[in-house]
Asks: 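Before we start, here is the structure in question, set down as structure tokens.
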2 protein chains.
Amino acid sequence: MDKRRITINDIAAHAGVSRSTVSLVLQKHPRIPEETAEKVRQSIAALGYTYNRNAANLRRRTSQAIGLVINDIRNPFFAQLTSAVEERAAEAGYMVYLVESAEQPARQERLLESFIEHDVAGLIVCAATGTPPQAFDRFLAAGIPICMAVRPYPDARLDFAGSDNYGGAKMATQHLIDLGHRRIAFLGGERENPVRIDRLAGYFSGLDARGIAFDPALVVESRPSLTSGVADVNAVMRLEARPTAMLCYNDFVAMGVMHALRCAGLTPGEHMAVVGFDGMPETEITHPPLSTVQLYGRKIGSDAAELLISRIGDPARPPTRRVEQATLIVRASSGRPLNANGE
Amino acid sequence: MDKRRITINDIAAHAGVSRSTVSLVLQKHPRIPEETAEKVRQSIAALGYTYNRNAANLRRRTSQAIGLVINDIRNPFFAQLTSAVEERAAEAGYMVYLVESAEQPARQERLLESFIEHDVAGLIVCAATGTPPQAFDRFLAAGIPICMAVRPYPDARLDFAGSDNYGGAKMATQHLIDLGHRRIAFLGGERENPVRIDRLAGYFSGLDARGIAFDPALVVESRPSLTSGVADVNAVMRLEARPTAMLCYNDFVAMGVMHALRCAGLTPGEHMAVVGFDGMPETEITHPPLSTVQLYGRKIGSDAAELLISRIGDPARPPTRRVEQATLIVRASSGRPLNANGE
DNA sequence: CTGAAAGCGCTTACAG
DNA sequence: CTGAAAGCGCTTACAG
């Protein structure tokens, strides 16, 4: 088991050339005559040699690994982003270290430290809610490029790739208003989450543009999980003046909300309009199908990977922000209010 | 940007000690007096030094990285597994390289090669369907430990962590039979997928144990996606003798199946019993809630990580198989057949 | 075109 | 207890 690894020295000896020559063959250097190269390649095959990229990286002072920090890989949106990052990175010859912050800044801090130790070429980070300012100063000081993704982060020196959460929420809100709704709740998400802050701002703006007063009782916070929808619905159905529509922080919350409505004997899309956020594939086949603000996780992932790779190649490039439009997908869950036309 | 990295040489110079001493302090070697150690630690803080683990690994001929190969991170089951692997690995001081095979053996092959180049300490692999025998011989020859996960793979030299797919499918089948069903379809999944083969075997065995003849017309293959359920349902509803129950390859298929049934005017759990597989969280809040065979992705992930880490420590340990029991969760989607009691 | 030599940032016997 | 030296597997000027 503990056999010595085959190195270029072994190849050199076997092929009867020097170490340098082997190295140049590996790099497909044009100066090496085909005959020599072929001899070397045969030795490589014969001995079962594999290149040690870490050793090369150490010598070259480069790295072929990038780090990706997300909160929760089980969220399909982040899963899509991860998948796209991995794909683009592989195309460019990078491997990706995946790491979950679980929304804990202290844990994220440790993970960042270990990325430096492992000498990553760059980082894509969806910052945990509560990440302190200057959290990335060490990387900037060390010249390690960072691209922030998904979660807006107030540091103008950093590249960013994300979605137009504000515009998406505003669109969804106006859609509900145009349907005749006047009391529209905003359910779910945690208060300090910058993504929620943007969506909430879009919601406010959507109400405002149509001259509808904002009622704080209609905004409920919670952890954005499938099961939190129940509590969110209850909070808002207890009100004197109930809402007739619910804009949800994300699709998880919306699916939980639809379930809770049914448990209360209400049919989503009929007794209550429901709109989600993210565009998870499942929304297409819920009962009824869920209206949602479609985001593009894969696109954001590949945006982020591109920005990072381009910055690794050109550290002096000015910071870039890439914000993908959102699309409102209207399905059966968002119908007209009952009292508007007796539907 | 291109500043020289701070190294132990810088620390040594700053603290007025030798490189060796710094290295020993970093390793918390007991021989170093507290006074010296403190001086070194202060220099580390003052200069903003970060350990270069790659350099240390090269010298020590070890590695603190493990590779994880999965098919599709967007499948919640694999997302859970990944999350658990990452967590256990971090506890043991390893970083994880995540990579997707997209169910393509050739792509998987390239990824494996690049894991060797990046000098991983070990590998956890959910083998792509169609992975050839001996695909991992190079790793064994190089002494790089591998733990197979989820997908059974016929190589007795390798550790394995997975689920009891056979037992789970048998249990689900018998549950449907006990409810009074006699014509039970098995929908979805691709033919060569070893997980499907096990589940199908459990289905056969469940039928057989109750003396029910197997009808090949009731077994339909497809890519296991949300949308494939529609075609699966159609294939089987065209039959002269329709099924009264559907055991699905996984929850994605089952959710698609429920949607397709509704589109055809049938209510899942009433006109047709439906059972899924995997136990995705969403199954709890579908309408109706979906009966499913609960698997434990996190547990399998941590099993795999444990097996791998233990083998890295003891390469001679005999191969171990860890097979987690499955649990049948009965919900409203699996009711009695209509003709049995007019429900 | 090819080889000898220095060096990436670390560790680890080995002297002193 | 501390330092000088060799070496992990590679790359890259620099001679020849």
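Convention: sequence-line order gives letters A, B, ...; per-chain numbering from 1.
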Asks: So, do F160(A) and Y153(A) have ring centers that fall under 6.0 Å from each other?
Replies: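 No.
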
Asks: What is the separation between atom CG on N9(A) and atom P on dC10(D), rounded to the nearest whole Å?
Replies: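 Atom CG in N9(A) sits about 8 Å away from atom P in dC10(D).
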
Asks: State yes or no: are the ring centers of F139(B) and F115(B) separated by less than 6.0 Å?
Replies: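 No, the ring of F139(B) stays outside the 6.0 Å limit from the ring of F115(B), centre to centre.
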
Asks: Over how many whole Å does the gap from N54(A) atom CG to dC10(C) atom C1' extend?
Replies: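 My rounded result for the distance is 13 Å.
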
Asks: Could you spell out the base pairing of DNA chain D as a dot-bracket line? Use Watson-Crick and G-U wobble contacts where both distances are under 3.5 Å, [ ] for crossing pairs, | for partners on a different strand.
Replies: |||.||||||||.|||

Asks: Heavy atoms, side chains only, cut-off 4.5 Å: are F78(B) and C126(B) in contact?
Replies: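 F78(B) vs C126(B): side chains touch.
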
Asks: Quick one: are I66(A) and L123(A) in side-chain contact, heavy atoms under 4.5 Å?
Replies: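 No, side chains not in contact.
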
Asks: I want to verify a distance call: between dT2(D), dC10(C), dG9(D), whose nearest atom is closest to the Y49(B) side chain?
Replies: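 From the listed options, dC10(C) comes nearest.
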
Asks: So, are R317(A) and D159(A) salt-bridged, with charged N and O less than 4.0 Å apart?
Replies: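 Salt bridge present between R317(A) and D159(A).
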
Asks: Taking all heavy atoms of Y51(B) and all of A56(B), pick out the closest pair and write down the distance.
Replies: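 It is OH-CB, 3.2 Å.
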
Asks: What closest approach, in Å, do I6(B) and Y49(B) show between heavy atoms, and which atom pair accounts for it?
Replies: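 Shortest heavy-atom separation between I6(B) and Y49(B) comes out as O-CD1, 3.3 Å.
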
Asks: Charged N to carboxylate O below 4.0 Å: is that the case for E87(B) and R107(A)?
Replies: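 Looking at R107(A) together with E87(B), the answer is no, because their closest N to O distance does not fall below 4.0 Å.
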
Asks: Can a side chain N or O of R60(A) be found less than 4.0 Å away from OP1 or OP2 on dT12(D)?
Replies: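 So the side-chain polar atoms of R60(A) do come within 4.0 Å of the phosphate oxygens OP1 or OP2 of dT12(D), strictly under.
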
Asks: Is the shortest distance from a Lys or Arg side-chain nitrogen in R5(A) or D119(B) to a carboxylate oxygen in the other one below 4.0 Å?
Replies: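 Salt bridge: yes.
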
Asks: Compare the minimum distances between each of dG9(C), dT11(C), dT12(D) and the side chain of Y51(B), then state the nucleotide with the smallest one.
Replies: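 Nearest nucleotide to the side chain: dT11(C).
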
Asks: Under 4.0 Å: is that the gap between some side-chain N or O of R53(B) and OP1 or OP2 of dG9(C)?
Replies: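 No, because none of the side-chain N or O atoms of R53(B) sits under 4.0 Å from OP1 or OP2 of dG9(C).
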
Asks: Can you list, in residue-number order, the parts of residues 10-22 of chain B that come under 4.0 Å of DNA chain C, counting heavy atoms only?
Replies: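 Listed by number, they are R19(B), S20(B).
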
Asks: Roughly how many Å is it from CZ in R5(A) to C1' in dC8(D), rounded to a whole number?
Replies: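 Nearest whole value for this atom pair: 11 Å.
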
Asks: Here's a test of your reading of the structure: between R59(A) and P33(B), which maps to the more 5' nucleotide of DNA chain D?
Replies: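 Result of the comparison: P33(B).
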
Asks: Within the pair Q27(A) and dC10(D), is there a side-chain N or O less than 4.0 Å away from OP1 or OP2?
Replies: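 It does not, given that no N or O in the side chain of Q27(A) lies less than 4.0 Å from OP1 or OP2 of dC10(D).
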
Asks: Output the single nucleotide from dT12(C), dG9(C), dC10(D) whose closest atom is nearest the side chain of T7(A).
Replies: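 So the nucleotide nearest the side chain must be dC10(D).
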
Asks: Rounded to whole Å, how long is the line connecting atom CD1 of I116(A) with atom P of dG9(C)?
Replies: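 I116(A) atom CD1 is separated from dG9(C) atom P by 15 Å.
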
